[in-house]
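What follows is a single structure, written as structure tokens, with notes after it.
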Number of protein chains: 2
Amino acid sequence: MTTERDRSAAIRLFGRYLRDLGLPVTQQREVVADVVFGAAGHLSVDDIADTLRGCGERIGKATIYRTLDLLVRSRLVAEHDFGEGFKRYEHRLSNHPIHEHLICLECGKVVEFESNELYRVENNVRREYGFVPVRRRLEIYGLCKECHEAGVELPLEGLTCPIETV
Amino acid sequence: MTTERDRSAAIRLFGRYLRDLGLPVTQQREVVADVVFGAAGHLSVDDIADTLRGCGERIGKATIYRTLDLLVRSRLVAEHDFGEGFKRYEHRLSNHPIHEHLICLECGKVVEFESNELYRVENNVRREYGFVPVRRRLEIYGLCKECHEAGVELPLEGLTCPIETV
DNA sequence: GTCCATGCAAACCTTTTGCACTATA
DNA sequence: TATAGTGCAAAAGGTTTGCATGGAC
């Protein structure tokens, strides 16, 4: 969650970003940004549209998409694709601006975690492949603690013979 | 790349998978599978359709999508989303069935690499969060060796002030 | 002969775009 | 007042689905 102070500070930062680019700071942009900065989790565009509708704000989806594009460019917001067929958006105001995601295949819950090992991985690829890392994405899909403890089993649909032995 | 032997073995495995499920082994399914198993890289559906057209095969896209679904379910093929707006497919017959991807933001090249650190990461999340990992996805975006050596610089569009200091 | 697959086109879903109108600076 | 944004609806692009026909078993 975001504190009220972080939230308004973020909106001011977004305004600064827009002004630096010579773009107008419109009401719609501020309202969309406020929804994103004030939310805890990973919002879909529909989530944002629903929230706005709940507040009595009448903002078109095109404007939401266009504002999200600016928010992502400003790096105040991260865009995610968890394979659901649409994108999700998450502000980066937490104490852990760089984190990865655990996604439960049963209930869809997303847990965030940090991994220091990833820095080692990035150093390795830089050294071994000459590849210069800029950003990364690590998602681990599986069963969250609650689903696992509830005894959920995931059906394995693949070949009975593991392909590694082909 | 796949050897001719692996390729035909894979097609036989796919046939077995279909028969185990009581599904017909059709010509179209075998041809699509053959294209995927015979290709080196990460194929888009259009890549597959083009290859088929080049062979004089007249197979509808719906069939390609439906066959890819079966191939992915059989776990002989992996599905990827590199954020291009469409999926890519890669057979899993290599010597390194589990690998991650380095994706060049400049030229789009995809390099595969393996990371033992990831096992450690998975053990950590299991221990710390009670999360049971099933599959993972690690993609590192950046500049490949060639683009980096060619002096390519990526434009940074974000706020000048890093958000970590908000 | 019974299913199921195929191919085509239409539908679907998210995202993007064109355009007349409105608001910012 | 110039410039850019907004909202709506239409378009775009990848993927899925319905349905009549054809093929697998």
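Convention: sequence-line order gives letters A, B, ...; per-chain numbering from 1.
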- Task: Give the rounded distance in Å between these two atoms: CD of B:Q27 and P of D:dC25.
- Result: 10 Å
- Query: Between A:E84 (CD) and D:dT15 (C1'), how many Å, whole number?
  - Reply: 16 Å
- At their closest point, which heavy atom of B:E100 faces which heavy atom of B:L118, and how far apart are they? OE2-CD1, 3.4 Å
- Task: Can you figure out which of C:dA5, D:dA4, D:dT6 approaches the side chain of A:R66 most closely?
- Result: D:dT6
- Want to settle it: does B:R19 or B:Y89 sit nearer the 5' end of DNA chain D, counting the closest nucleotide to each? B:Y89
- Query: Hey, does the side chain of A:T26 come within less than 4.0 Å of D:dT6's phosphate (OP1/OP2), counting only N and O?
  - Reply: yes
- Query: Does the pair B:H80 and B:Y89 meet the rule for a ring pair (Phe, Tyr, Trp, His ring centres under 6.0 Å), with working shown?
  - Reply: CA-CA 6 Å; B:H80 297 297; B:Y89 298 86; 8.6 Å; no
- Item | B:K61 NZ to C:dG7 P, straight-line distance once rounded to whole Å | 14 Å
- For B:K87, report the nucleic acid contact type (base, sugar-phosphate, nothing); a contact means any heavy atom under 4.0 Å. sugar-phosphate
- Message: Output the rounded distance in Å from CG (B:L43) to C1' (D:dT15).
- Response: 17 Å
- Note on the structure: Here the pair of heavy atoms bringing B:A39 nearest to B:L43 is CB-CD1, 3.4 Å
- Task: Identify whether the distance between the nearest side-chain nitrogen and carboxylate oxygen of B:R88 and B:D81 falls below 4.0 Å.
- Result: no
- Classify the angle between the aromatic ring planes of A:F14 and A:Y17 as parallel (below 30°), tilted (30 to 60°) or perpendicular (above 60°). parallel
- Message: Side chain of B:F86 only, heavy atoms from C-beta on: which candidate in D:dT15, D:dA24, D:dC8 is closest?
- Response: D:dT15
- Could you check which of D:dG7, C:dG7, C:dA5 has an atom nearest any side-chain atom of A:I59? D:dG7
- Task: Indicate whether OP1 or OP2 belonging to C:dT22 is found under 4.0 Å from a side-chain N or O atom of A:Q28.
- Result: no
- Testing D:dA4, C:dA5, C:dA9 for proximity to the side chain of B:A62, the answer is C:dA9
- Between C:dC3 (C1') and B:L23 (CG): distance, integer Å: 10 Å
- Task: Check the distance between D:dT3's P and A:L18's CG and give it to me in whole angstrom.
- Result: 19 Å
- Message: Just the rounded figure in Å: distance from C1' of C:dT16 to CG of A:L68.
- Response: 14 Å
- Query: How close or far is atom C1' of C:dC8 from atom CD1 of B:I64, stated in whole angstroms?
  - Reply: 13 Å
- Query: Counting side-chain heavy atoms from CB outward, which of C:dA5, D:dA9, C:dT14 is closest to A:Y65?
  - Reply: C:dT14
- Query: Considering only side-chain heavy atoms of A:T63, which listed nucleotide, D:dG7, C:dG7, D:dA4, is closest?
  - Reply: D:dG7
